[in-house]
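Below, all heavy atoms of this structure are taken into account, side chains as well, without hydrogens, waters or symmetry copies. Letters A, B, ... mirror the listed sequences (proteins, then strands); counts begin at 1.
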Amino acid sequence: MPLLAAGEYKPDVSDYLGTASRNVLNVIPRGDGYGPFPSFSGYSAALPAACRGAFYALKSDGSVVTFAATSTKLYRLNNTDFTWTDVSLGASTYGALTSTAQWQFAQFGNLVFATQANVVLQVYDLSSSSAFANCAGSPPQAAYISVVGRFLVLSGLLSNPYRIQWSGLNATTTWTSGVNSSDFQDFPDGGIVRGVAGGEAGIIFQDQAIRRMSYVPGSPIIFQIDRITQDKGLYAPYSIIRAGEKIFFYAGQGFHKIEPGGVPEQIGREKIDRTFLLDLDKGNLQLFMGAADPRSTRVYWAYKSVAGTAAAAYDKLLGYDFVLDRFFPISASGEYLLGISQSGITLESLDAISASLDALVLSLDAYATAVQPEVAQFNSSHSLGFFRGANLEATVESGEQGTDENELFIRGFKAITDAPTHYGSVSYRETQFSSANAGSEVLVNSRTGKCDVRRSTRYARFKTRIPAGTAWTFCAGVVPDVAGGGTQ
Amino acid sequence: MSIATMRQEMNIPGIERLTMRYEDGGKIEVYSIGEIEVRVKPGANAEEVRAALEEAMK
């Protein structure tokens with residue numbers, strides 16, 4: 001029998017006799033099917049309250065400094081014992097973050113900026129500060145921050161949401177428009193500005209418009225701003241992801257990407273967009289946030305689904321591999337998703353963590369400095385960690401098979417995977433308009449490698465489940481053992 | 001609207017020296033030409049800024 005390849009996850013469309021699957025979970029797409037997705041493994045102490053923003057900065061000596069925010073405080077990670085030090089302005093409490101917002105951070109040289117609309121722009125000098133301070137130059141209070149070329153750009157301004165404001169050229173304390181190339185730009189149409197994706201050129205996201213801002217050296221206009229979409233904007237402000245030169249975001253019309261110099265292209269159309277929109281809790285868009293995983297070609301969006309029960313946590317991740325052009329869902333809950341480099345620890349400092357190597361909870365690899373960022377999260381207990389644990393329970397189901405006129409007699413199937421332990425089941429139905437019945441699950445036969453399920457039906461899907469903690473690398477699909485049956 | 005476009009479009013003496021800074025986190029915008037300063041509401045349009053500046057220059 002031929003291989004029934006593990007299909008692309010496209011829950012928006014029928015999987016009947018197609019190559020798509022409507023049911024995969026906790027797996028990452030590969031060229032030969034799917035591979036495992038690891039579970040969360042925390043490494044920091046817990047923040048005192050829910051994480052509402054986080055960031056890593058690189059110092060000039062290559063070391064990593066990690067910052068995190070709660071609603072009213074800013075913290076810096078102690079790289080020796082992985083506890084959090086309060087670095088809020090004067091160790092005081094900031095005006096509380098609105099429930100629909102998160103803190104945002106940006107690094108400009110040795111300076112780290114933190115912003116939220118209810119607070120004066122905060123700045124921390126990596127070379128000398130012990131706490132954040134108010135940014136000089138009287139910048140406007142803003143919800144969003146980014147770096148475009150050699151300018152710091154603020155948007156989501158508290159007093160004028162239709163405006164962006166940029167600093168002076170290479171001058172983050174110059175906020176007087178008309179001085180040192182600092183200026184603002186108001187947008188009479190397109191709605192509220194929801195954020196700016198930084199880079200050499202900036203992408204300005206509004207409710208109903210997207211524009212590109214390109215620096216024009218020597219020109220009095222400073223930035224040339226061109227509209228690149230009509231009636232298409234940003235749906236969720238924290239869904240913007242910059243992955244190298246590419247930008248990903250979620251518009252009201254679905255998931256999009258922007259290639260360098262290009263215009264937005266839909267990537268979720270007839271794949272995931274309809275399913276996602278139905279699943280998204282639209283009352284908690286602050287939990288719909290994106291992060292890139294630069295170690296791979298994947299980006300991730302976290303979101304709270306309509307079935308999510310925790311008030312301040314997302315309950316699902318949606319991954320997208322932009323080289324394979326494939327989405328994949330992950331079951332994970334947390335407070336804040338980000339790409340981050342791990343701060344390291346010297347061998348001499350290991351005593352601060354544990355007096356005994358045998359007593360270490362994590363492996364020594366977990367304490368090494370990693371300049372290359374990877375996707376991480378704060379879990380529901382406010383701890384920072386990476387997805388480096390044991391493999392999650394994985395599910396891969398085939399598209400629906402059938403012959404329309406004749407019954408199938410299924411004698412079992414063989415999952416093409418190196419998972420030593422896995423289970424197989426067949427869901428079945430007699431008509432396309434009836435609901436599928438879930439068949440009993442059986443353990444793979446260790447002698448034949450086959451899942452021995454017997455079923456006579458007209459339509460069937462073959463599901464492989466690999467238990468949590470199983471070591472495996474690939475699942476390419478299934479080889480069904482099927483005979484033609486009679487007509488009904 | 002931006003300072004650059006205001007400088008181009010307003011016909012006021014010294015407009016090429018127009019600047020704008022914020023006060024109170026952005027709740028007040030202070031437009032200046034040399035010693036002359038006017039305080040306007042956030043997002044005031046060019047006509048409002050021009051009128052305020054001309055009034056201050058009288």
Side-chain angles (χ1 to χ4, degrees), chain A residues 94-95 115-122 134-144 151 153-168 173-189 192-193 204 211 213 215-216 218-225, chain B:
Chain A
Y94 294 110
T115 193
Q116 59 115 323
N118 298 328
V119 168
V120 173
L121 180 63
Q122 297 292 291
N134 288 336
C135 180
S138 192
Q141 288 177 218
Y144 316 118
F151 296 86
V153 180
L154 298 175
S155 55
L157 305 191
L158 180 65
S159 299
N160 190 348
Y162 304 100
R163 170 177 292 181
I164 63 168
Q165 172 78 47
W166 58 87
S167 69
T173 56
T174 299
W175 294 96
T176 299
S177 299
V179 175
N180 196 16
S181 298
S182 175
D183 205 343
F184 61 86
Q185 181 67 57
D186 292 334
F187 300 108
D189 65 341
I192 288 172
V193 181
I204 304 163
R211 304 173 200 259
M213 58 187 293
Y215 179 48
V216 186
S219 166
I221 62 169
I222 318 300
F223 281 100
Q224 178 176 324
I225 297 178
Chain B
M1 190 54 64
S2 65
I3 286 293
T5 50
M6 285 184 181
R7 284 174 173 176
Q8 288 173 350
E9 293 177 5
M10 286 186 192
N11 186 20
I12 295 177
I15 193 68
E16 67 280 1
R17 291 181 290 135
L18 179 70
T19 63
M20 188 279 288
R21 62 184 167 82
Y22 296 96
E23 285 184 354
D24 200 13
K27 295 188 181 78
I28 299 168
E29 294 175 5
V30 184
Y31 284 86
S32 306
I33 297 177
E35 299 294 307
I36 296 168
E37 284 192 349
V38 293
R39 284 168 168 74
V40 298
K41 67 183 182 189
N45 61 34
E47 186 55 34
E48 291 167 323
V49 174
R50 186 189 60 78
L53 286 168
E54 287 181 339
E55 180 67 26
M57 285 175 174
K58 284 180 183 172

Do A:N134 and A:Q122 touch side chain to side chain, with heavy atoms closer than 4.5 Å?
yes

Note: B:G14 and B:I33 closest approach over all heavy atoms is O-CG2, 3.3 Å

If you tally heavy-atom pairs under 4.5 Å between each of B:G26, B:A4, B:S2 and chain A, the highest tally belongs to B:S2

The interface call for B:R7 against chain A, heavy-atom contacts under 4.5 Å, is side chain

Checked A:D183, A:N160, A:I221 vs chain B; the most non-hydrogen pairs under 4.5 Å come from A:D183

When the 4.5 angstrom heavy-atom criterion is applied to A:P188 and chain B, the contacting part is neither

Practice problem: Would you check if the side chain of A:W166 reaches a backbone N or O of A:Q185 as a donor-acceptor pair within less than 3.5 Å? | Solution: no

Residue from A:D186, A:L158, A:V119, A:V179 scoring the most non-hydrogen pairs under 4.5 Å with chain B is A:D186

Looking only at A:S159, A:S182, A:S138, A:S177, most heavy-atom pairs under 4.5 Å shared with chain B are made by A:S177

Closest non-hydrogen atoms of A:L154 and A:P139, given as atom of the first, atom of the second and distance, are CD1-CB, 4.1 Å

A:F187 atom CZ, neighbour heavy-atom count above 12 within 6.0 Å
yes

The interface call for B:E29 against chain A, heavy-atom contacts under 4.5 Å, is side chain

### Message
Looking at B:E54 and B:K58, is there a salt bridge between them, counting it only when a charged N and a carboxylate O are closer than 4.0 Å?
### Response
no

